[in-house]
Amino acid sequence: MARLEGKVAIVTGAASGIGEASARLFAAQGCRVLLADVQDEKGARIAAELGDKAAYLSTDVTSDDAVRAMVGQAIERFGRLDILFNNAGAPGPGGPIADTPTDGFDQAIALLLRSVFLGIKYAAGPMTAQGSGSIISTASVAGLQAGFGPHAYSAAKAAVIQLTRSVAMELGEQGVRVNSICPGGIATPIFGKAYGLPTDKADRTVEAVRTMMLPNMQPIRRAGLPEDIAQAALWLASDDSAFVNGHALIVDGGLTGGRQWSLVKEQRERVAAGFGIAP
């Protein structure tokens, strides 16, 4: 039996990257899926490919009215809501804190944190009414350790992790689980966007990121793929994780585990050579 048979999900940021991979995997596992994004052509195309079990809705996830309408649309079309995957995001402004524009910071917080709050806020009612549900939000290793993302992005992702924990303590009592996923280096257009590239050009950077930029960042010597995060989301969405609540699931190939052994070995060899002894 498919792991999400009979369930209904909303996936935001579903037109590319992690969101697209998750929407496709959820549908393959028997779920009916409402794809939400602002990339309307791509989102509608993916929904059409998935057939009757999917629909697309153009949604600005920073808008209170739009997110409320998104939840209402999923219930109106499919009859219920079992899974919400708050995944929409962008890198936000980079650079030194003194050069970070205030409006850019506000926009990053709106997209990366406010949208998660709104999604949880409007999913909570129907899920608690039915006594079940799984809410998942994309956080990041940048929310756990410094140095993995721009300042605004890192602050927002840390807040997503804590918001997840806080709300899990409330909604868990009513049968609704709330968890987050902390991806490491995943080959998606977000890297190109971080360097200011428009969406179409950012999409074309994914292969270069996958093959050249990411493979040596962590002990598992390959780039993380959107499908890796989709599999984690599938587990959190399914009944297989029925006793998991308030958790930040790290999926990073060991990136945040500590110093890689090869680097430690290299340093030991340099120190030993300096003393003229065998390592």
Side-chain angles (χ1 to χ4, degrees), residues 1-61 66-89 115-116 118-120 122-138 175-181 183 186 188-189 203 225-242 244 249 251:
M1 180 177 176
R3 294 168 71 184
L4 299 182
E5 191 68 42
K7 294 184 183 293
V8 174
I10 296 172
V11 179
T12 70
S16 64
I18 292 168
E20 178 183 353
S22 298
R24 290 184 182 278
L25 181 59
F26 285 11
Q29 288 294 322
C31 194
R32 290 168 290 171
V33 186
L34 180 66
L35 294 81
D37 209 304
V38 292
Q39 300 180 72
D40 295 339
E41 183 177 344
K42 293 175 69 176
R45 174 180 55 78
I46 295 166
E49 290 174 5
L50 296 178
D52 293 341
K53 65 179 62 175
Y56 174 74
L57 182 66
S58 182
T59 307
D60 174 4
V61 293
V67 175
R68 181 171 58 244
M70 176 186 75
V71 172
Q73 178 69 19
I75 295 171
E76 179 180 346
R77 184 178 182 93
F78 297 121
R80 58 186 292 121
L81 179 61
D82 301 285
I83 302 152
L84 170 64
F85 187 12
N86 292 306
N87 171 71
S115 68
V116 172
L118 291 174
I120 296 173
Y122 289 113
M127 286 185 176
T128 56
Q130 69 193 20
S132 64
S134 175
I135 298 174
I136 308 157
S137 300
T138 299
V176 179
R177 299 183 295 110
V178 188
N179 295 286
S180 64
I181 301 174
I186 309 299
T188 72
D203 287 344
L225 302 175
E227 290 76 12
D228 293 315
I229 308 305
Q231 290 288 346
L234 172 62
W235 181 67
L236 288 173
S238 75
D239 294 337
D240 294 341
S241 60
V244 179
L249 178 60
V251 186

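Atom CG in Leu57 sits 10.0 Å away from atom CZ in Arg77 (nearest 0.5 Å). Here the CD1 atom belonging to Ile229 is positioned 4.0 Å from the CD1 atom belonging to Ile186, to the nearest 0.5 angstrom. Put simply, CD1 on Ile120 and CD1 on Ile136 are 11.0 Å apart, with the number rounded to the nearest 0.5 Å. A distance of 10.5 Å separates CD1 in Ile83 from CZ in Arg32, rounded to the nearest 0.5 Å. Once rounded to the nearest 0.5 Å, the distance linking CD1 of Ile46 with OH of Tyr56 reads 9.0 Å. Going from atom OG of Ser134 over to atom CG of Leu81 covers 10.0 Å, rounded to the nearest 0.5 Å.
Ala54 and Ala47 get closest at one heavy-atom pair: CB-O, 3.9 Å. Residues Ala23 and Val33 approach most closely at O-CG2, 4.1 Å, considering heavy atoms. Nearest approach of Ala232 to Val251, heavy atoms of both residues: CB-CG2, 3.8 Å. Ser16 and Lys42 get closest at one heavy-atom pair: CB-NZ, 3.8 Å. In this structure, Ala123 and Leu84 approach most closely via the heavy-atom pair CB-CD2, 3.8 Å. The shortest heavy-atom contact between Pro183 and Thr138 is CG-CG2, 4.0 Å.
Although no hydrogens or angles enter the test, the distance criterion places no donor-acceptor pair under 3.5 Å between the side chain of Gln231 and the main chain of Leu25. Panel note: side chain Asn179, backbone Val244; a donor-acceptor pair is recorded below 3.5 Å. Looking only at distances, a side-chain donor or acceptor of Ser241 sits under 3.5 Å from a matching main-chain atom of Trp235. Judged purely by atom type and a 3.5 angstrom limit, Gln29 uses its side chain to pair as donor or acceptor with the backbone of Arg3. Looking only at distances, no side-chain donor or acceptor of Asp37 sits under 3.5 Å from a matching main-chain atom of Gly43.
Taking 4.5 Å as the limit, every side-chain heavy atom of Val61 sits out of range of all side-chain heavy atoms of Leu118. Considering only heavy atoms from C-beta on, Asp82 comes within 4.5 Å of Val8 through its side chain. Counting heavy atoms from C-beta outward, Ser22 and Asn87 have side chains that stay 4.5 Å or more apart.
Contacts classified as salt bridge (charged side-chain N to carboxylate O under 4.0 Å, His left out) and involving residues 7-23 (residues at least two apart or in different chains) are given here: Lys7-Asp239, Glu20-Arg24.
For Glu49, the CD atom counts as densely surrounded, since its 6.0 Å shell holds more than 12 non-hydrogen atoms of other residues, nucleotides or ligands.
Shown are Leu234, Thr12, Ile18; of these, the side chain to side chain contact (heavy atoms under 4.5 Å, CB included) with Phe85 is made only by Ile18.
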